[in-house]
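Lettering of chains follows the sequences in order, A, B, ..., and the numbering in each one begins at 1. Computed from a predicted model, the values in this text were never measured in an experiment.
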Amino acid sequence: MMWSCINLNLMQDHFNFIVIGGGVSGSIIAEGLVSKGHSVLMLEAGKFFYSNNYPKFDIDSNSQMYWNGGVELTSDAEIGLVRPKMIGGGSIINGGLLDRFDDLAFEGFKDESGIGFFNNTDMLPWFDKVETNTSIVKVPEQFANKNADIFRNGFKANGFTCNPLDRGQTDCRNGEGMDCIKCLAGCPINSKQSTMITYVRSALKKGLKVFSEFEVKKVEPGKKVKIHGQDRLDKKWSFSADKLVLASGAIGNSKLLMNSNFKNPNIGKRFYTHPQYMLMAEFDYDIDAFKGPLQSYKSDDLNFRNKGFKLENVFAPPAAMSVLFKGIQQEHFYCMKNLRRFASIEVAIRDTNPGEIKVGKYNKTIVHKELDSVDQRRKNLGYDAIKNIFYSQGAKRVIEGEFGIGLHLMGGCAIGENGESSVVDPEFRIHDERNIFCADSSIFPNAPGINPSLTIMALSKMAVEKFIK
Amino acid sequence: MKSKYLNSFAIRGLEKSGDVYIPGDKDLSSFSESGFIKYIDRQLENMEKDDIFGLNILLSLFSFFPQNLLVWSLKMASNSENYPGFIKPTTRLINMGLKGLSCSLYYSGLEELDSSHPRVMDIMKWNPKSLDSVDDKELTELIKNNDFNESL
């Protein structure tokens, strides 16, 4: 394929840094680099979405804000992978949970990668820097809805421990009538601390250049790294940079490296997702899970942690819930028509069995990801705990969701000291490539079992210092 | 109706399979009666081309099924836990794909666009509130000045 090298008057074609992917990691890295005076181009396949143009209807947010129009299924169709596609990435559409890793998570990373900085002492300054720039608060308990009440009271009744969750937000104005379930398609009042709010705006002010709706097809290593791709009109473009940062996530980075003929056999391997399984419980009164904060509590139970799962207080808009309810005809229709009477809790497991990302015909994403007996046991333990919680609160019945959900897409370009078993080195550089770097969730060597956002942010902050060293 | 992505047989197949998941009752009309299918292109506009190709074939085939055969087929597809080999993921994919298409159209609140549609959210009493969106003029200006996509 021939790629035209273009230098139109409207833009330059060489930069100090090019960042591929405008999600959580890409936003922070781009902001860090332009703050140090570097010329930076961010290439992002998705659009800019912010408070002025968040889609109103779920059908549009599903179609426009995710890859392949919503959900991509694993090869056995057991897990639906949800892959955001926009500037700000997952931070626009997630629940906003921001937790530091505990010692168990970092020990797992250190054991797998051999890298010394994976501990809470070395990571502390980077967490501090992120938390200085992002408002993280306890979700106010006075606005907790009945879905959250069931979660909290059920935990108490069963002797489990839960606590108000830490969320990236300023003031969600729930007392004025704001229902945060809307925020799953972007927070219209700019309370949720997406990286669009906390980093991209600042980066744009400092001179960051962006090419949105631009899909990178191939990278060429060298003294100057070349990048080839195409815009929304299918016009081909080429750019070059002194250094390239890959920040398009586990699947995006893995596919790009494979499509660019990088030979490291570890690319695409060790893929983890914290598979999440929602259970819905029917009550004989209205729960109205859409009211107030979407989530108020998190499981904080050491016993759960040691057994490899956690429970989350969740719900989703009707279009998403409809896919989770099993059955057809009146069985399914009844659940949807009576959605107000359902509560929901999910179990997220710390998966131990790695998956693999491959590229199929027509550049199709193929993800093999199955639960082994250890993972299945963790899932079952979570199911048991959820059912105990629901029935202790008077549930009429509990329905298991139709499939698992993969929101935390991690690995595929695992970090490690040893180039024989990893893709990225401790300096966040692709092994044996001088000018290509990566610091997003794709470098995770295994599943931490804790929401990854805050640690991705901290690692990205750390990585900027290494890139410019 | 016409679609940029689905042929007329596939449209009919989607209406028929949508009725399996959304049969309607005394309060709410069925999927085919609701008229929401006219928004199908909004849903398919970012789907991969080969997925749309496969969807056209499957739905066109379903358009010729008697309704009771279609109900039986989708019932089998929704009970795939113990199916062997490739049959299980294939049937799961069909079930979830068709359920996702029809239910996303029906349960997205699209009745706000046309008063002829059933008032699904009102009847479900699903009415989350939202405050007015922030008019972020600063970000609008920054994007306009720094995104090359704006110059195309």
Tell me, for [X] versus chain B, whether the close heavy atoms (under 4.5 Å) come from the side chain, the backbone, both or neither.
X	answer
Glu331(A)	neither
Ser75(A)	backbone
Phe57(A)	both
Lys291(A)	neither
Gln64(A)	both
Leu233(A)	side chain
Met336(A)	both
Leu41(A)	side chain
Phe403(A)	both
Lys56(A)	side chain
Lys364(A)	both
Asn52(A)	both
Ile328(A)	both

By a 4.5 Å heavy-atom criterion (distance strictly below it), what part of [X] contacts chain A: side chain, backbone, both, or neither?
X	result
Val71(B)	both
Asp51(B)	side chain
Glu150(B)	neither
Asp50(B)	side chain
Lys88(B)	side chain

Self-check item: Check: Phe290(A) and Asn127(B) side chains under 4.5 Å, non-hydrogen atoms
Solution: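 Contact flag for Asn127(B)/Phe290(A) side chains = yes.
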
